[in-house]
Protein chains: 2
Amino acid sequence: MPSSTVENYLKHILLLSEGAQDLVSMGDLAVALAVVPGTATTMIKALAREGYVAHQPRQGVSLTPTGRTVALSVLRKHRLVETFLVNVLKMDWASVHAEAEQLEHSISDEVLDRLDALLGYPATDPHGDPIPSRKGKLNFQVYASLATCALKQPLRIVRITEQTTEFLQFADQNHLLPGSTLIVTGRNLPAGLATIKTTGTRALALSITAAGKILVEPLRR
Amino acid sequence: MPSSTVENYLKHILLLSEGAQDLVSMGDLAVALAVVPGTATTMIKALAREGYVAHQPRQGVSLTPTGRTVALSVLRKHRLVETFLVNVLKMDWASVHAEAEQLEHSISDEVLDRLDALLGYPATDPHGDPIPSRKGKLNFQVYASLATCALKQPLRIVRITEQTTEFLQFADQNHLLPGSTLIVTGRNLPAGLATIKTTGTRALALSITAAGKILVEPLRR
DNA sequence: TAAATTATTTTGACTACTCAAAATAGCGCA
DNA sequence: TGCGCTATTTTGAGTAGTCAAAATAATTTA
Ligand SMILES: [Mn+2]
Ligand SMILES: [Mn+2]
Ligand SMILES: [Mn+2]
Ligand SMILES: [Mn+2]
């Protein structure tokens with residue numbers, strides 16, 4: 001069985017390669033795991049020897065099928081646990097990430113299946129992040145963000161791609177939750193600002209960077 | 001924060017000193033933790049240096065107030081988690097011990113409080129083991145067992161003091177659960193046997209050793 | 001094309017935990 | 001009083017994971 005350290009390495013390689021290039025740099029990985037770069041290099045060489053990753057020296061690292069399976073299982077646990085904490089225990093959605101970061105390593109598949117059933121087999125966690133299926137299928141969908149979508153169009157928030165407590169609290173306070181509807185009233189690229197309006201007639205300014213973390217889909221019908 | 005290894009050492013010292021002498025031997029501790037005796041000695045010396053235990057060389061080890069606080073908190077997590085797994089997730093009571101053994105180290109106090117509320121602040125876990133209070137009070141009660149109680153008296157099972165899957169499955173199959181009522185019809189000490197009868201008119205023979213693991217109280221009124 | 005900057009890897013060292021096997025202490029018993 | 005058994009402790013060694021700092025490779029800049 002992989003240790004929780006190994007599980008964290010594999011999960012973060014998966015997250016960092018999501019959507020982007022499939023070679024993850026040692027630098028990015030080290031930042032994500034809060035270790036120095038030399039530690040990441042050493043660890044990746046060990047993981048390569050054990051068959052979890054492929055290492056292109058000086059280029060980056062990618063998951064093998066085995067490593068990907070482990071990573072998806074950990075991610076599934078993480079997101080189902082977050083959903084449980086919010087939906088059943090009514091915890092603050094901004095604080096559940098840290099809890100899940102621990103619990104993802106000590107929950108058995110048996111417990112996870114029962115949790116899944118209790119929650120009604122959810123497709124996404126409270127932040128809109130897709131939950132990998134038991135078979136390891138990750139429903140990766142490309143959405144526009146508030147930084148890239150069309151202006152003056154009714155939108156629905158589908159996902160917040162940032163786990164920090166501060167950002168999630170900010171989003172919560174301004175009713176920027178998955179399911180909320182809004183329009184982007186304008187953008188000022190030189191100033192790096194986007195202005196939006198939630199259905200409750202609230203106007204709000206956001207940096208383009210922050211806007212890029214809020215994913216939306218056009219509101220049909 | 002103590003590591004999960006440290007938490008396990010402290011918890012097992014608490015369990016081994018329950019009721020019995022307050023000096024736990026290295027041998028007993030090593031068996032409980034599945035390590036060789038030398039490892040236990042080394043570890044205990046480290047725990048003593050950190051103020052969790054008092055070590056009387058060649059005599060045994062006992063918890064300091066600090067160590068006891070940690071141990072009680074871990075035990076509380078263990079037993080509340082077991083209760084959650086059985087009462088909410090409907091898991092088999094014989095298999096939850098192993099799960100709780102892991103989860104007890106990764107559940108935060110915040111989550112635990114909410115679990116406690118969800119469960120209705122239970123006083124005991126599914127095996128009848130008392131759950132330490134949040135303040136760290138462990139309701140230790142001395143009960144008779146099927147090996148020591150009076151014969152031909154109506155009894156109620158209050159606790160099963162053994163965590164192995166096999167024993168718990170056996171108890172389950174024979175309706176020997178906390179809350180069940182029965183009488184001890186006889187004992188044959190030389191043969192090492194006790195015979196009992198459950199209210200469903202079931203007769204059953206048990207070794208005295210096994211009988212000693214089932215704690216009972218006289219059925220009042 | 002050479003120098004400078006940046007990212008990665010290597011080296012040496014440290015902590016936490018563990019085991020195997022040898023040394024020692026504390027008995028009970030003759 | 002001394003012998004032998006048993007439990008405990010010590011010693012030496014190994015694994016997993018980490019950091020600081022030096023070495024190296026790759027890329028950018030001049
Ligand atoms: Mn984690
Ligand atoms: Mn999430
Ligand atoms: Mn444990
Ligand atoms: Mn129990």
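In what follows, every chain begins at residue 1, and chains take the letters A, B, ... in the order their sequences are listed. Remember, it's a predicted structure, so these values are computed and weren't measured experimentally.
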Write down the distance between CD (Glu7(B)) and C1' (dC17(C)), rounded to a whole number of angstrom. 15 Å

Keeping Thr161(A) on the side-chain end and Lys213(A) on the backbone end, is there a donor-acceptor pair under 3.5 Å? yes

Taking the ring centre of each residue, are His127(B) and His97(B) less than 6.0 Å apart? no

Using a strict cut-off of less than 4.0 Å between a Lys/Arg side-chain nitrogen and an Asp/Glu carboxylate oxygen, indicate whether Asp109(B) and Arg134(B) qualify as a salt bridge. no

Protein-nucleotide distance (Met26(A), atom CE; dA7(C), atom C1'), rounded to Å: 11 Å

Side-chain N or O of Tyr9(A) closer than 4.0 Å to phosphate OP1/OP2 of dT18(D): yes

Can you sort out which residues in residues 50-61 of chain A have a heavy atom within less than 4.0 Å of DNA chain D? Ascending by number, please. Arg58(A)

Salt bridge (charged side-chain N to carboxylate O under 4.0 Å, His left out) against Lys11(B), all qualifying residues, sequence neighbours excluded: Glu101(B), Glu104(B)

Check the distance between dA7(D)'s P and Leu29(B)'s CG and give it to me in whole angstrom. 15 Å

Take the protein atom CG of Leu47(B) and the nucleotide atom P of dT15(C), then report the distance between them rounded to whole Å. 17 Å

Sub-3.5 Å donor-acceptor pair from the side chain of Thr148(B) to the main-chain atoms of Ala144(B), do we have one? no

May I ask you to decide if Asn8(B)'s main-chain N or O and His12(B)'s side chain share a donor-acceptor pair within less than 3.5 Å? yes

State whether the side chain of Thr64(B) and the backbone N or O of Gly51(B) hold a donor-acceptor pair below 3.5 Å, judged by distance alone. yes

Let's see if you get this right: which residues in residues 35-46 of chain B place a heavy atom under 4.0 Å from DNA chain C? Val35(B), Val36(B), Thr39(B), Met43(B)

Considering only NZ, NE, NH1 and NH2 on the basic side and carboxylate oxygens on the acidic side, decide whether Glu18(B) and Arg159(B) come within less than 4.0 Å. yes

Let me know the distance between NE2 of His105(B) and C1' of dC17(C), rounded to the nearest Å. 15 Å

